[in-house]
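The structure under discussion appears below in the form of structure tokens.
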Amino acid sequence: MTYNFNAIEAKWQKYWAENQTFKAENTSDKPKYYVLDMFPYPSGAGLHVGHPLGYIASDIYARYKRHQGFNVLHPQGYDSFGLPAEQYAIQTGQHPAVTTKANIATYRRQLDQIGFSFDWSREVRTSDPSYYKWTQWIFIQLFNSWYNKNTDRAEDISELIKIFEAEGNTSVNAICDAAIDAFSAGEWQGFTAEEQQRILLQYRLTYLAETEVNWCPALGTVLANDEIVNGVSERGGHPVIRKKMTQWSMRISAYAERLLQGLEKIDWTDALKESQRNWIGKSVGAEVFFPILSFPKGEAKADASTRAGYMTGGNNSGARGISVFTTRPDTIFGVSFMTLAPEHELVSQITTEAQKEAVEAYVLATAKRSERDRMADVKTISGVFTGAYAEHPFTKAPIPIWIGDYVLAGYGTGAVMSVPCGDERDYAFAKHFNIPIPNIFGGVDISETAFSDKSNTVIANSDFLNGLNYKKATKRAIYELEKLGQGEGKTNYRLRDAVFSRQRYWGEPFPVYYVNGMPQMIATEHLPITLPEVEKYLPTETGEPPLGNATTWAWDTKTNTVVANTLIDNETIFPLELNTMPGWAGSSWYFNRYMDPTNTEAFASKEALDYWQDVDLYIGGSEHATGHLLYSRFWQKFLFDKGVVPTDEYAKKLINQGMILGTSAIIYRVSGTNTYVSLGLKDAHNVEEIRVDVSMVNASNEIDVDKLKAWQPQYSDAEFILEDGKYIVGREVEKMSKRWFNVVNPDDIVADYGADSLRLYEMFLGPLEQYKPWNTAGITGVHNFLKKLWKLYVGDTGLKVDETAPTKDHLKTLHKTIKKVQADIENFSFNTSVSTFMIAVNELTQQKCSSKAVLEPLLILISPYAPHIAEELWGQLGHSTSISTVAFPEFDESHLVESSKNYPISFNGKMRFTMELGLDLNKDEIEKAVLAHEKTQEQLGGRTPKKVIVVPGKIVNIVG
RNA sequence: GCUCAAGUGGCGGAAUUGGUAGACGCGCUGGAUUCAAAAUCCAGUUCUUUCGAGAGUGUGGGUUCGAUUCCCACCUUGAGUACCA
């Protein structure tokens, strides 16, 4: 009987499906364990061998946990809203729902044949109305919430309204829009309903705001930054302009500090935490107010920095001036100028007549440059003096106000206090424009460069700060500023609120309609609001999003149904939102839905949430570090605040699997000919590298020339110059991509070698987290291993396993393997456990082991990795139920105890020979035995050893 | 520029706390089997070598009886991020 992997794998996949072997129950006596994969976007191309890597790893872990007696939740689903399906629809007219469904079917077939232990009864699809009903529900919850800084959590908007009614907004400590006018309780009650709504929108966790976007008029759509090349669209090369659009935003900034703090308690990789920290970008410092000395234009409007209530209690309330954010309040006496972003709203107000022309020209020039240009060009120093002066808070000296494009309007207050002696950019700016550079650091020479080393700072020439270090000076400066009412300690975050609107078709519709331009939520009992049908998936001619093409897209507030647009009367029937939600909406909470995927009353029942709690192990790619993995933490914290999920971090441990790269095959065409030379001959010619399909190349990098000739017509009559009768290709490791012809389809691997071989090989390639190249040639190694494994159990005449008692050697091999494999799984070191299996099978074959007492536990060890062959042999051993929940073998140290050790004998740290010595010998006895050895005398060559290091059980080192 | 990760045979990679560098596999070389090939099995495979031995984990230093492992500096590659005040 030979190892017929195709038949075996089909048989057991059918068995698992029919018996629902991996169905997880929401109640159990067993402890729970939740293993989650990042669910895939089902693209039309299907899976290549790189995709299953993380799924195989998580499947091994899930299966291991079942052997350990856990009730394991291991679900899978599809992130099925997205751009590719929409673009395909634009080109072909095929409804995205149709292509998505077909793609999912392909994915499912491909996943099934790899033998994953997913509980498919819990499958979710983000594009399914029964799923996105709850995405819409969460959106409404966010709309109905505000962030109370005093309690440090999200609260219901009705609480805020109560406060407004009782005392106005002056005592409210919320994370909200920057400039909100103060009002009293009386004023609040005097506002119209619409005015009240407008104010509330500034506090809600999801809100409408004017956002600058990259608008491409020719394509009629908004483009992401990376879709723009040199100021024109990547597709088509159309001009792109900055345009303000009203869009939904998510107030993720409210959670900046908690997102940062939460990283401390989760076991994610340092690299990933670091990039999230970086993205959140916390900086601690102070906001400082500088009154403006001259206002040539007379009356100025109220703005962010002169708003009522700002810096109350000081003697400058009501004064006009500039607020800056600084991380170095200790250097305040080093300020010699100030710089505003060219876009800063005060610029036009403070500029003097004499400087007006220069300033306006500069502002215009900056506006023309794209953000990308501005960022790329960091070397050129440019700026213009406004002619205006501000007053230093302490010295009261006048400080010239400049504008410069190195100051960004979007960060901090869009203005900086420039301390050239302590900041490189300020230093360069001052040098360039001949602005004085006062030195406020003791014992530091600043004639060549700025001094920005906080830890070695001693402040000088700074009045009350003299002699203080960075920490003390910062504290004192803030204290003095607060006393003056011209500043306060402040923490700034780089994290921006996330734009939540997309001008796309294939996404979740918003449960929103508009009354007099004000957004209204549809009551949750009427959800889902399903995506309308449209004729075309492109934006409308007037530039509205694709949903603008829908003819039935209005909300009837009487019947609570979606009705035809023609019925809109703006009295009871209103227009619905035309944008859709972004790709990250559905993926920000799906892990909770798996706990109770068919619930129609809630996104998951309280019982299910309480039982499963959170994800114990999450495996996925690191490319989601500052996208999905941040947004989902944000939503989880919000849902936690609302009391609907039990934990505020949803994934205890996260592992990033690396990418599997392709190994492209390259042939060399002699320039200007149709002649191709083998790799070793290419240097003698002027050649072009051409990539060809990797499937035509064997393990020795030799291409099958006949296949190549048949592959594409230009090769059919080409000439090939061989070496040693072979055509050898060059190889290049790069991303798998159709255009490099290096994509390997798992279907082919499964057909040729089986799913168990594929699983083992993907693990055997190298450490899970690492990037590593795929080369199909190497798979014969693990495939041969499976054949050897099979032969250990099954001979020509049938099963070879019997009841003979295991020998000492058998048990030693088995227990060594148990120990190593268990440790490997727990460390996610799957590559080394595959090696361990190979060693075990090689040894047991050598030992001619047929003992059931050894071979049965061995099967359990292997079953998470190669479940099909394990199930089959398990069945042949006489078991009638699946191996998947059998207890993992217990490791017994006593089988590994040795009586002697083959000591390495080193001379000056270099191992020269080994020597078998009893482990019962003490140091002196070992030393004596080693020194007596003839090879020792040979090595010493007559010298006397200076020192002999003996580490019993480890090593002997002779120095001299 | 900054942050993080990583540099080990022809290739993928191994080496729990510093203790026999190169496990396991691919490829390669030789042999057995075969009419032949595939498959399978056996032996060898870091480099140098005067066959005694010597060198060797990106480079240069350091700590140590002993360093792939710890420390310092540098080089290279990959990832992220960037005029963030």
ask   = When the P atoms of A53(B) and U40(B) are considered, how many whole Å apart are they?
value = 38 Å

ask   = Is any side-chain N of the basic residue among Lys812(A) and Glu843(A) closer than 4.0 Å to the acidic one's carboxylate O?
value = no

ask   = Which label fits G9(B), syn or anti, where anti is any glycosidic angle not within 90° of 0?
value = syn

task = Please determine if a side-chain N or O atom of Tyr771(A) lies less than 4.0 Å away from the OP1 or OP2 oxygen of A79(B).
result = no

key: Asn742(A) and Ser664(A): side chain donor to acceptor below 3.5 Å   = yes

request  = If A15(B) has a Watson-Crick or G-U wobble mate with both distances under 3.5 Å, name it; if not, just say none.
outcome  = none

Distance-only donor-acceptor check, side chains Thr449(A) and Tyr427(A), under 3.5 Å = no

query = How close or far is atom P of A67(B) from atom CG of Asn908(A), stated in whole angstroms?
reply = 10 Å

query = What interatomic distance, in whole Å, is found between C1' of G54(B) and the corresponding atom of C42(B)?
reply = 31 Å

key: Nearest-angstrom distance from the residue atom CD of Gln276(A) to C1' of U3(B)   = 15 Å

query = A85(B) phosphate, OP1 or OP2: any side-chain N/O from Ser283(A) under 4.0 angstrom?
reply = yes

task = Send over the distance from Glu762(A) CD to G12(B) P, rounded to a whole Å.
result = 18 Å

task = Answer yes or no: does a side-chain N or O of Arg912(A) lie under 4.0 Å from OP1 or OP2 of A53(B)?
result = no

inquiry  = Protein within reach of the bases, or only the backbone? For nucleotides 26-52 of chain B, mark each nucleotide 5' to 3' as B, S or -, using heavy atoms under 4.0 Å.
reply    = SSS-----------SS-----------

inquiry  = Using atom P in both nucleotides, what's the gap between U33(B) and A38(B) to the nearest angstrom?
reply    = 16 Å

task = Specify the separation, in whole Å, of atom CG of Asp426(A) and atom P of C84(B).
result = 10 Å

remark   = Expected string for nucleotides 15-23 of chain B under the B/S/- scheme (protein heavy atoms, under 4.0 Å, primed atoms plus P, OP1, OP2 as sugar-phosphate) is --B-BBS-B

message = It should be established whether Gln770(A) places a side-chain nitrogen or oxygen under 4.0 Å from OP1 or OP2 of nucleotide G13(B).
response = yes

request  = Measure from the side-chain N and O atoms of Glu723(A) to the backbone N and O of Gly680(A), and report whether any donor-acceptor pair falls under 3.5 Å.
outcome  = yes

Paired nucleotide for A39(B) [Watson-Crick or G-U wobble; both distances under 3.5 Å] = none

inquiry  = So, does Asn701(A) get its side chain near the phosphate of C11(B), meaning an N or O under 4.0 Å from OP1 or OP2?
reply    = no

request  = Please determine, by modelled atom types, if Thr914(A) and Tyr903(A) share a side-chain donor-acceptor pair under 3.5 angstrom.
outcome  = no

message = Rounded to whole Å, please give me the gap between CG in Leu765(A) and P in G12(B).
response = 11 Å

ask   = How many Å lie between CD on Glu927(A) and C1' on C65(B), as a whole number?
value = 12 Å

inquiry  = Could you tell me how far apart Leu768(A) (CG) and G13(B) (P) are, to the nearest whole angstrom?
reply    = 13 Å

ask   = Separation of Leu679(A) atom CG from C11(B) atom P, in whole Å?
value = 14 Å

query = Can G78(B) be described as syn, meaning its chi torsion is within 90° of 0, or is it anti?
reply = anti

ask   = Below 6.0 angstrom between ring centroids: does that apply to Trp790(A) and Phe5(A)?
value = no

message = Check Glu257(A) with Lys282(A), please: is the shortest side-chain N to carboxylate O separation under 4.0 Å?
response = yes

